[in-house]
Colleague: 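This is the structure I want to talk about, given as structure tokens.
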Amino acid sequence: MPADSPSHINPSDLAAYRHRLRHSVSHVMASAVVELFPEAKLAIGPPTEDGFYYDFLVSRPFSPEDLQAIEERMRRDIAVSIPFQRKELSRVEAEGQFAAQPFKLELIAGIPADEPISTYRHGIFEDLCEGPHVESTADIKAFKLLSVAGAYWRGDEKRPMLQRIYGTAFESQDALDEHLHRLEEAQRRDHRVLGRELGLFFFDPLAPASPFFMPKGALVYNLLVEYMRSLYKRYGYQEVITPQIFGTDLWKRSGHYDNYIDNMYLINAEEREYGVKPMNCPAHCLMYMNQRHSYRELPIRYADFGRLHRFERSGVTHGLTRVRSFSQDDAHIFCRMEQVNQEIADVLAMTRESFSACGLGEPRFTLSMRPEKRLGTDEMWDRAEAALRDALLASGYSFTEVPGEGAFYGPKIDMFAKDAIGREWQLSTIQLDINLPERFDLEYVAEDGSFQRPVIVHRAVLGSIERFLGVLIEHHAGAFPVWLAPVQAVVIPIADRHIEYASQVAARLESEGVRVSMDATNERMNAKVRNAQLQKIPYMLIVGDREAANSSVSVRLRSGENPGSMPLDKAVARIKEAIASRS
RNA sequence: GCCACCGUAGCUCAGUGGUAGAGCAGCUGUUUCGUAAACAGCAGGUCACCCGUUCAAAUCGGGUCGGUGGCUCCA
């Protein structure tokens with residue numbers, strides 16, 4: 001038995017082992033494909049975070065039946081022990097061996113002269129490969145082919161579309177089953193399904209990729225907006241309202257006409273061209289320009305929940321997370337460069353506060369640094385990057401610096417939140433901008449009476465409210481924190497004779513500011529409980545003869561937990577406490 | 001936009017050339033019940049849309065729209 005066989009792998013090496021294992025399975029798969037489709041041209045087949053894939057150029061796309069046949073062929077290979085053998089060869093040998101494989105030839109051409117060219121062979125199948133692999137096909141204990149998808153060669157949409165087969169493999173059947181279970185779990189949390197089941201939102205083909213928020217969805221949406229407004233008050237933001245549609249001269253001046261036109265909706269009226277705003281920044285620049293500003297006024301923080309429209313190519317939209325019509329908790333901070341550090345620090349504090357209120361964990365940040373092509377002097381970039389870095393360091397958040405990934409107009413911070421099942425979502429973004437102030441010739445009057453150029457910090461904490469809501473739904477599997485739940489409590493009378501008392505209970509809760517409903521339908525109590533569970537209502541207050549007699553309610557939580565009967569006053573206090581603590 | 005797949009009742013889905021189905025939801029009635037589905041009846045569809053093949057199309061072919069999974073994109 002090989003030293004690193006699964007039965008005694010050190011957990012810290014597990015990731016490396018899986019990497020090797022999946023890479024090996026992708027070879028076994030390629031071998032099966034070549035056997036079944038001799039004309040197939042092989043591209044690449046790397047392991048990924050959760051599995052592996054291999055890209056092929058074939059005369060016809062793979063069908064689900066093909067996948068099954070490939071999988072069966074693979075099982076024959078792993079039923080016996082076929083060793084993986086490494087071989088090094090010269091460039092000339094490699095080119096000769098892969099003469100019929102154009103993609104491999106391209107890969108060979110890309111290998112630097114001083115690096116070895118190696119192949120791995122198992123059985124009669126030999127593939128250009130750096131390795132490493134497991135010892136033999138017998139080490140493959142558990143794998144599954146998952147799906148077929150189109151993928152461009154080298155990720156370039158101008159190059160051929162290949163057929164990609166995705167699969168995954170684990171060191172044991174148990175681990176594979178657990179992974180497949182996680183995939184099902186993700187499906188169970190799909191916000192598009194929950195959105196319909198919970199009556200939050202829907203889509204209609206007449207407005208593709210544009211959500212309709214139903215009363216409950218709009219309620220949650222507005223709760224998020226109201227929450228941000230409450231933070232704005234504390235953090236010194238001023239909310240503004242700006243137009244939806246602007247003459248294209250504005251977009252020419254802002255640079256959107258040259259750089260973003262493909263994503264904009266254009267309108268012609270009275271021989272003039274207009275563009276629907278995809279972003280708020282140019283409007284905020286106009287607002288800033290409308291008055292002369294003193295250094296004493298800075299920073300000026302304009303917040304705007306304005307609706308934005310971006311034309312997204314069909315095929316890229318997805319539920320609430322990628323839409324064509326949305327709004328952000330957007331703001332633009334006009335300030336002096338030396339104020340940037342403090343502003344970023346405040347935005348990060350706001351991020352921490354709001355994420356915790358929404359039940360999300362500690363996010364991870366990236367700091368994108370100056371790119372090759374950029375505006376401004378090195379000195380400005382030094383100061384800008386230092387300001388962002390210092391603020392991140394002071395925040396205590398973990399972050400990684402990404403060289404060259406900044407925007408041409410300034411460095412930026414992106415935030416990634418992890419949801420309950422470990423997926424990361426990009427939400428907040430903070431971008432420093434030295435370009436727009438230039439384009440709009442923004443200025444303020446300094447202490448000495450001279451005119452100086454401010455910088456702009458673009459920032460959104462939740463990001464798009466739509467997207468944030470979608471992530472929240474998946475994170476909580478629809479069971480919102482109590483303060484965000486559209487219905488916080490439902491009163492369930494056991495029989496019709498309890499409706500009167502139930503109404504009193506509901507009225508009391510309502511007067512205490514709790515969003516409450518009463519289920520007076522002609523159903524058995526069990527069915528009412530079930531419906532409330534399915535709606536993920538945090539508190540079920542069941543009332544029957546006993547409760548009516550002594551002014552109490554029997555409390556059931558959506559977790560299934562059953563605290564039982566308690567005086568109404570106590571239940572009210574408990575619910576109000578949960579709301580106030582945003583737990 | 002590209003590749004593949006999909007579109008039948010509000011939802012989930014069956015129906016492969018010959019009279020459009022089920023469960024849930026809805027409505028009506030009966031039942032008045034103690035922590036996740038009472039019972040019965042009724043109603044509900046231009047089978048996404050357009051064009052074609054056929055004596056006959058939900059079913060076969062072409063196109064359009066929309067969706068799903070990927071790829072590319074997301075200054």
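Chain naming here is simple, since letters A, B, ... match the order of the sequence lines and numbering starts at 1 in each.
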Colleague: To the nearest angstrom, how far is A:Leu183 atom CG from B:G69 atom C1'?
Modeller: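 These atoms are roughly 13 Å apart.
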Colleague: For nucleotides 39-45 of chain B, just jot down a letter per nucleotide in 5' to 3' order: B, S or -, based on protein non-hydrogen atoms under 4.0 Å.
Modeller: -------
Colleague: Where along residues 453-478 of chain A does a heavy atom fall under 4.0 Å from RNA chain B?
Modeller: none
Colleague: Show me the pairs that pass salt bridge (charged side-chain N to carboxylate O under 4.0 Å, His left out) and involve residues 460-479 of chain A, at least two apart or across chains.
Modeller: A:Arg307-A:Glu466, A:Arg423-A:Glu474
Colleague: So which of residues 518-530 of chain A are in contact with RNA chain B, with a heavy-atom cut-off of under 4.0 Å?
Modeller: A:Asn522, A:Glu523, A:Arg524, A:Met525, A:Asn526, A:Ala527, A:Val529, A:Arg530
Colleague: Distances under 3.5 Å only, N/O to N/O: pair up the protein atoms with those of nucleotides 10-12 of chain B.
Modeller:
{"unit_1": "B:C11", "atom_1": "O3'", "unit_2": "A:Arg196", "atom_2": "NH2", "d": "3.3"}
{"unit_1": "B:U12", "atom_1": "OP1", "unit_2": "A:Arg196", "atom_2": "NH2", "d": "3.2"}

Colleague: Of the nucleotides B:U32, B:A36, B:G34, which one has an atom closest to the side chain of A:Arg556?
Modeller: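 Nearest to the side chain of A:Arg556 among the choices is B:A36.
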Colleague: Sugar-phosphate means primed atoms, P, OP1 and OP2; the rest is base. With that split, encode nucleotides 59-65 of chain B 5' to 3' as B, S or - using protein heavy atoms under 4.0 Å.
Modeller: -------
Colleague: Hey, does A:Trp251 have a side-chain heavy atom less than 4.5 Å from the side chain of A:Lys277?
Modeller: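 Yes, close enough: below the 4.5 Å cut-off.
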Colleague: Whether A:Arg188 and A:Glu185 form a salt bridge (side-chain N of Lys/Arg under 4.0 Å from carboxylate O of Asp/Glu) is what I want to check.
Modeller: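 Result for this pair is yes, salt bridge flagged.
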Colleague: How is A:Glu547 classified with respect to the nucleic acid when contacts are heavy atoms under 4.0 Å: base, sugar-phosphate, or nothing?
Modeller: base
Colleague: Could you pick out which residue, A:Gln533 or A:Asp204, lies toward the 5' side of RNA chain B when each is mapped onto its nearest nucleotide?
Modeller: A:Gln533
Colleague: Using heavy-atom distances to pick each residue's nearest nucleotide on RNA chain B, tell me which of A:Cys281 and A:Gly560 is more 5'.
Modeller: A:Gly560
Colleague: Please report, rounded to the nearest Å, how far the P atom of B:G69 is from the CZ atom of A:Arg322.
Modeller: 14 Å
Colleague: Could you state the CG-C1' distance from A:Leu57 to B:C2, rounded to the nearest angstrom?
Modeller: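 After rounding, the reported distance stands at 14 Å.
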Colleague: With sequence neighbours left out, write down each residue that passes ring-ring contact (aromatic ring centres under 6.0 Å, His included) with A:Phe416, or none if nothing qualifies.
Modeller: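 Once residues adjacent in sequence are excluded, A:Phe416 has no partner under the ring-ring contact (aromatic ring centres under 6.0 Å, His included) criterion.
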Colleague: List every contact pair, protein side and nucleotides 3-6 of chain B side both N or O, where the distance is under 3.5 Å.
Modeller:
{"unit_1": "B:C3", "atom_1": "O2'", "unit_2": "A:Gln163", "atom_2": "NE2", "d": "2.8"}
{"unit_1": "B:C3", "atom_1": "O2", "unit_2": "A:Gly150", "atom_2": "N", "d": "3.3"}

Colleague: How would you label the contact of A:Arg497 with the nucleic acid (heavy atoms, under 4.0 Å): base, sugar-phosphate, or nothing?
Modeller: sugar-phosphate
Colleague: Quick one: A:Asp190 CG to B:G67 P, roughly how many Å, whole number?
Modeller: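 One finds 15 Å between P of B:G67 and CG of A:Asp190, rounded.
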Colleague: Can you list everything that forms a side-chain hydrogen bond (donor to acceptor under 3.5 Å, both in side chains) with A:Glu273? Sequence neighbours excluded, please.
Modeller: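 A:Thr248, A:Tyr257.
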Colleague: Near RNA chain B, counting only heavy atoms under 4.0 Å, which residues of residues 536-545 of chain A show up?
Modeller: A:Ile542, A:Gly544, A:Asp545
Colleague: Is the distance from OP1 or OP2 of B:G70 to the nearest side-chain N or O of A:His318 less than 4.0 Å?
Modeller: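 The answer is no; no side-chain N or O of A:His318 sits under 4.0 Å from OP1 or OP2.
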Colleague: Which listed nucleotide (B:U32, B:G69, B:C71) is nearest to the side chain of A:Arg164?
Modeller: B:C71
Colleague: What is the distance, rounded to the nearest whole Å, between atom CG of A:Asp414 and atom C1' of B:C74?
Modeller: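 Roughly 11 Å, once rounded to whole Å.
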Colleague: So which atom in A:Gly217 and which in A:Leu469 form the shortest heavy-atom distance, rounded to 0.1 Å?
Modeller: O-CD2, 4.4 Å
Colleague: Checking A:Phe408 now: which residues fulfil ring-ring contact (aromatic ring centres under 6.0 Å, His included) with it, not counting sequence neighbours?
Modeller: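 Scan of A:Phe408 (ring-ring contact (aromatic ring centres under 6.0 Å, His included), adjacent residues dropped) gives none.
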Colleague: Can you pull the side chain to side chain donor-acceptor pair (under 3.5 Å) pairs that have at least one residue in residues 193-216 of chain A, sequence neighbours excluded?
Modeller: none
Colleague: Would you classify A:Arg558 as touching base, sugar-phosphate or nothing, given that sugar-phosphate means primed atoms plus P, OP1 and OP2, and contacts are heavy atoms under 4.0 Å?
Modeller: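 Counting heavy atoms under 4.0 Å across all strands, no contact is made by A:Arg558.
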Colleague: Identify whether the distance between the nearest side-chain nitrogen and carboxylate oxygen of A:Asp545 and A:Arg497 falls below 4.0 Å.
Modeller: yes
